[in-house]
Amino acid sequence: MNETSITQGPIGVFDSGFGGLSILREMRKVLPERDFLFLGDNARAPYGVRSFQLVYEFTLQAVKHLFAQGCPLVILACNTASAKALRSIQQRDLPLIDPTRRVLGVIRPTVERVGEISRTGHIGVVGTPGTIQSGSYDIEIHKLHPHFKVSGHACPMWVPLVEYRESDGPGADYFVRKDIDALMAQDAYIDTVILGCTHYPLLLDKIRRYTPAGVTVVAQGAIVAHSLEDYLRRHPDMAQRCTTGASCRYLTTDDPKRFAEMASVFTGEAVTASKAVLA
Ligand code: DGL
């Protein structure tokens, strides 16, 4: 057996910034026995306004770093990275780096649930400019439901509001209302709004407040967590390689002290972080 094929270690969870913590929190609830290693590329966030090439390069560096830390499986807990980098990494890079390891994203598992939720088949998606421009949600939804109508709207201000802890302030009300109105104006029959960015659950109360009654707002955390649980059930070899010490460690490319302070707000528990240098 090739030495790389027996790597055992924590499940790697990657996001450009703090948003992925909303996914990690749900994963830890569903899989409390697993070890997790979170990496936030806070020094280079936000990714949502960056080019395809840069998001791909940054994401590949992050995946390689998590592999070097021993992660056999990495979850891109970032829609922008899932939209712009996942396919290239899975198809082009993984076979060369280590074909036995896996990198999974958040878009496919989210889309798989949409058919159960929507009655009208009219879906709204909010996300970063990068995710919306990539058309990834439209493409994935249409693979499963060719007749669904998908309307996307980019919300470039929402990630900075979360990153700078303004999600409870009046500025957040202004932008959430404006963007939800713009989305709903595209199609009056939308009955399901997908939050296609892992930062957005931090704005959930305001998003619900400004979304018309009867419209279901879909946050990804629990969906992605259950999808990971199902994946491990279906892949016992990988399940065996993901270790079970119930630990959770944090890495950031920015200042670990600042990361720890902010992350504690997101996770509701004391966090310590270490510096990661990506190359
Ligand atoms: N949290 C990331 C996502 O899910 C994007 C944040 C960013 O723009 O960096 O798309």
Side-chain angles (χ1 to χ4, degrees), residues 12-27 38-63 74-87 89 103-111 124-140 152-167 172 175-176 179 193-204 207 217-225 227-228 250-254 259 262-263 265-267 276 278:
V13 181
F14 169 67
D15 185 33
S16 58
F18 295 105
L21 295 170
S22 69
I23 304 276
L24 177 67
R25 189 177 51 219
E26 299 299 325
M27 286 176 176
F38 182 87
L39 169 59
D41 191 5
N42 303 79
R44 302 188 292 194
Y47 278 15
V49 289
R50 295 193 186 276
S51 68
F52 256 87
Q53 185 59 27
L54 264 190
V55 172
Y56 162 68
E57 283 171 16
F58 290 174
T59 306
L60 181 59
Q61 288 174 357
V63 167
V74 171
I75 311 298
L76 302 185
C78 174
N79 289 267
T80 311
S82 300
K84 291 184 161 185
L86 179 63
R87 187 176 296 251
I89 291 175
V103 181
L104 305 174
V106 288
I107 294 178
R108 181 75 194 197
T110 308
V111 162
V125 182
V126 282
T128 65
T131 298
I132 299 301
Q133 278 158 19
S134 74
S136 296
Y137 271 96
D138 311 41
I139 294 166
E140 292 299 329
H153 179 72
C155 309
M157 291 304 294
W158 291 16
V159 168
L161 285 166
V162 171
E163 289 281 321
Y164 291 100
R165 282 172 72 178
E166 287 292 336
S167 43
F175 283 108
V176 169
D179 286 317
V193 173
I194 297 175
L195 304 186
C197 174
T198 55
H199 282 66
Y200 296 176
L202 279 302
L203 293 162
L204 191 56
I207 295 167
V217 177
V218 180
Q220 297 175 303
I223 294 175
V224 173
S227 167
L228 174 61
Y250 298 87
L251 300 172
T252 176
T253 55
D254 203 349
F259 177 90
M262 289 281 285
V265 175
F266 284 78
T267 61
L278 305 187

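Keep in mind it's a predicted model, so treat the numbers as computed, not measured. Both ligands and their constituent atoms are indexed starting at 1 by order of listing.
Within 6.0 Å of CZ on Phe52 lie more than 12 heavy atoms contributed by other residues, nucleotides or ligands.
Residue Gly19 places every heavy atom at 4.0 Å or more from ligand 1.
Proximity of Thr128 to ligand 1, defined as any heavy-atom pair under 4.0 Å, is confined to the side chain (atoms from C-beta onward).
Between the side chain of Ser82 and the main chain of Ile107, no donor-acceptor pair closer than 3.5 Å is present. In terms of modelled atom types and a separation under 3.5 Å, the side chain of Thr198 and the main chain of Ala77 share a donor-acceptor contact. Looking only at distances, a side-chain donor or acceptor of Glu163 sits under 3.5 Å from a matching main-chain atom of Phe18. Looking at Arg50, its side chain does come within 3.5 Å of a backbone N or O of Arg44 through a donor-acceptor pair.
Contact atoms of ligand 1 toward Asp15: 1 (N), 2 (C) (distance under 4.0 Å to a heavy atom of the residue). For ligand 1, the atoms lying closer than 4.0 Å to a non-hydrogen atom of Thr80 are 3 (C), 5 (C), 10 (O). Heavy-atom contacts of Thr198 reach the following atoms of ligand 1: 1 (N), 2 (C), 3 (C), 4 (O) (cutoff under 4.0 Å). The ligand atoms of ligand 1 that sit less than 4.0 angstrom from a heavy atom of Gly48 are 7 (C), 8 (O), 9 (O).
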Verdict with supporting geometry, Leu204 and Leu195, side-chain contact (heavy atoms from CB on, under 4.5 Å): CA-CA 9 Å; Leu204 191 56; Leu195 304 186; 3.8 Å; yes

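Looking only at protein heavy atoms, the nearest one to atom 3 (C) of ligand 1 is Asn79 N, 3.2 Å. Nearest protein neighbour of atom 2 (C) of ligand 1, counting heavy atoms only, is Cys78 SG, 3.4 Å.
Remark: the Asp41 side chain and the Gln61 side chain contain no N/O donor-acceptor pair separated by less than 3.5 Å.
Below 3.5 Å of separation, one finds an N or O of Ser16 facing an N or O of ligand 1.
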